[in-house]
Protein chains: 2
Amino acid sequence: MKKEKVRERIVRVASDLFYKQGYNSTGINQIIAEADIAIGSLYNHFSSKNDLLQAYLVKEEVNWFEGYENSTSNISEPREKLLALIDYRKKLQQTSKFAGCHFIKIVSEIGEGNPSVSGFARQHKEKQKDLIKTLVTEYGAQGKLSDIDFVTENIFLLIEGAVVTSTISKQNDSFDQVKKIVQGLLP
Amino acid sequence: MKKEKVRERIVRVASDLFYKQGYNSTGINQIIAEADIAIGSLYNHFSSKNDLLQAYLVKEEVNWFEGYENSTSNISEPREKLLALIDYRKKLQQTSKFAGCHFIKIVSEIGEGNPSVSGFARQHKEKQKDLIKTLVTEYGAQGKLSDIDFVTENIFLLIEGAVVTSTISKQNDSFDQVKKIVQGLLP
DNA sequence: GTCTATATTCCGATAGAC
DNA sequence: GTCTATCGGAATATAGAC
């Protein structure tokens with residue numbers, strides 16, 4: 001259907017701009033120009049700019065998990081899947097030229113100015129942590145692991161730290177460091 | 001001098017607003033209203049809004065290190081100073097209602113739209129890491145530590161991860177977790 | 001140096017023709 | 001549904017009186 005294609009193009013263009021320029025620095029006029037549509041068409045599909053923001057968050061969350069699944073579909077060992085998660089975040093940083101995590105970024109920009117945004121980001125990070133916990137639990141069931149929650153939180157915090165650090169330093173060293181640490185955590 | 005007092009008040013008001021609302025969401029009109037000055041006075045002290053931003057960054061960096069010195073002036077042991085650093089970041093998050101790190105926040109908001117900002121943030125984080133490295137080195141000279149750079153990077157990444165995680169979750173659990181991990185890293 | 005008034009541009013959002 | 005034209009307001013910054 002043509003209607004859906006227009007809507008998808010709007011979300012794609014807006015998402016790129018929100019991510020690279022920031023939400024507040026991206027104007028409606030720029031979105032419609034790059035999507036090559038009229039402003040009336042945009043407001044026919046979205047009631048407001050905030051509506052577009054919600055679609056952006058949903059799209060990026062789906063992309064994140066789909067991207068991880070795609071890059072680990074041929075891996076079965078939980079330990080390798082955890083290490084692949086580090087590689088995945090590293091790759092995301094490289095391909096985006098160190099633009100950072102979508103959700104950390106949007107919370108930093110509008111924070112409490114939009115409670116639904118921070119709530120969405122919080123849930124997204126919980127899902128990421130759940131993913132790690134599932135893999136750590138699976139790994140712990142095989143060999144021996146002193147404290148699953150301890151290791152889970154440790155890995156999660158290290159990865160988040162590496163993402164923000166690489167965003168600021170524009171280098172990927174941190175991920176290699178995290179990988180070495182995590183390898184030590186999973187003997 | 002009265003001239004300097006006005007300038008300081010401008011920077012103080014602008015800094016609060018930049019931090020809590022975001023840079024782009026804070027208008028010149030709001031700054032002059034809360035500082036109780038005329039717009040002509042503001043542009044007599046600062047050539048542009050970007051000029052105010054630079055003053056904001058300098059002020060927050062000074063505040064950061066002064067605040068850490070003040071809260072650790074009575075501590076001499078390097079291990080305790082490292083643990084106090086975690087408490088310091090935790091306290092900053094509590095008092096700011098989990099508004100996050102000033103520098104991660106501003107880079108997330110304007111990123112590459114202003115190279116001097118990301119450069120300043122990068123240097124600031126380097127200084128933080130240097131502070132940790134100095135303390136780890138001092139600690140390593142006493143007892144035994146396998147790899148100083150390894151431990152330094154590990155602590156640094158964990159703290160950064162805890163800051164962003166607590167900013168999103170609006171809880172301080174992560175810092176307690178980091179403290180336990182770091183205690184294990186420094187036997 | 002501080003003030004008021006204003007210039008200019010851009011913002012998000014709406015109205016109505018087709 | 002897509003379009004053009006435009007609204008009302010807020011943005012940064014400037015001009016000039018005092």
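Below, chain A is the first sequence line, B the second, and so on; all start at residue 1.
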- Grab the CD-C1' distance between B/Gln30 and D/dA13 for me, whole Å please. 18 Å
- Message: Need one value for B/Asn29: base, sugar-phosphate or nothing, where a base atom within 4.0 Å counts as base even if backbone is also close, heavy atoms only.
- Response: base
- Item | side chain to side chain contact (heavy atoms under 4.5 Å, CB included) assessment of B/Glu109 paired with A/Ser108 | CA-CA 7 Å; B/Glu109 183 172 1; A/Ser108 294; over 6 Å; no
- Roughly, in whole Å, what's the span from CG in A/Leu17 to P in C/dG12? 12 Å
Could you go through nucleotides 3-5 of chain C and list every protein N or O atom that sits under 3.5 Å from one of its N or O atoms, giving the distance for each pair?
from  : atom 1 : to      : atom 2 : distance (Å)
C/dC3 : OP2    : B/Ala38 : N      : 2.7
C/dC3 : OP2    : B/Ser41 : OG     : 3.1

- Message: Tell me the interatomic distance from A/Ile32, atom CD1, to D/dA5, atom C1', rounded to whole angstroms.
- Response: 12 Å
- Message: Does the structure place the NZ or CZ of A/Lys49 under 6.0 Å from the centre of the six-membered ring of A/Tyr23, at an angle of no more than 45° from the ring's axis?
- Response: yes
- Task: For B/Ser25, check side-chain hydrogen bond (donor to acceptor under 3.5 Å, both in side chains) against everything at least two apart and list the hits.
- Result: A/Asn24
- Message: Please report the distance, rounded to the nearest Å, between CG in A/Asp51 and P in C/dA13.
- Response: 10 Å
- Could you give the NZ-to-C1' distance, from B/Lys49 to D/dT14, as a whole number of Å? 17 Å
- Query: Just checking A/Ser25: base, sugar-phosphate only, or nothing, at a heavy-atom cut-off of under 4.0 Å?
  - Reply: nothing
- Query: Between B/His102 and B/Trp64, is the gap from one ring center to the other below 6.0 Å?
  - Reply: no
- Here the distance between atom P of C/dT2 and atom CG of B/Leu42, to the nearest Å, is 11 Å
- Message: Side chain of B/Ser48 only, heavy atoms from C-beta on: which candidate in D/dA13, C/dA13, D/dG1 is closest?
- Response: D/dA13
- Roughly, in whole Å, what's the span from CG in B/Asn44 to C1' in C/dT2? 8 Å
- Item | Salt bridge B/Lys127-B/Glu61, side-chain N to carboxylate O under 4.0 Å | yes
- When rounded to whole Å, the CZ to P distance for the pair A/Phe46 and D/dG1 reads 14 Å
- Ring-face cation of A/Lys105 near A/Phe18 (centre distance under 6.0 Å, axis angle within 45°): no
- Query: Is the shortest distance from a Lys or Arg side-chain nitrogen in A/Lys179 or A/Asp87 to a carboxylate oxygen in the other one below 4.0 Å?
  - Reply: yes
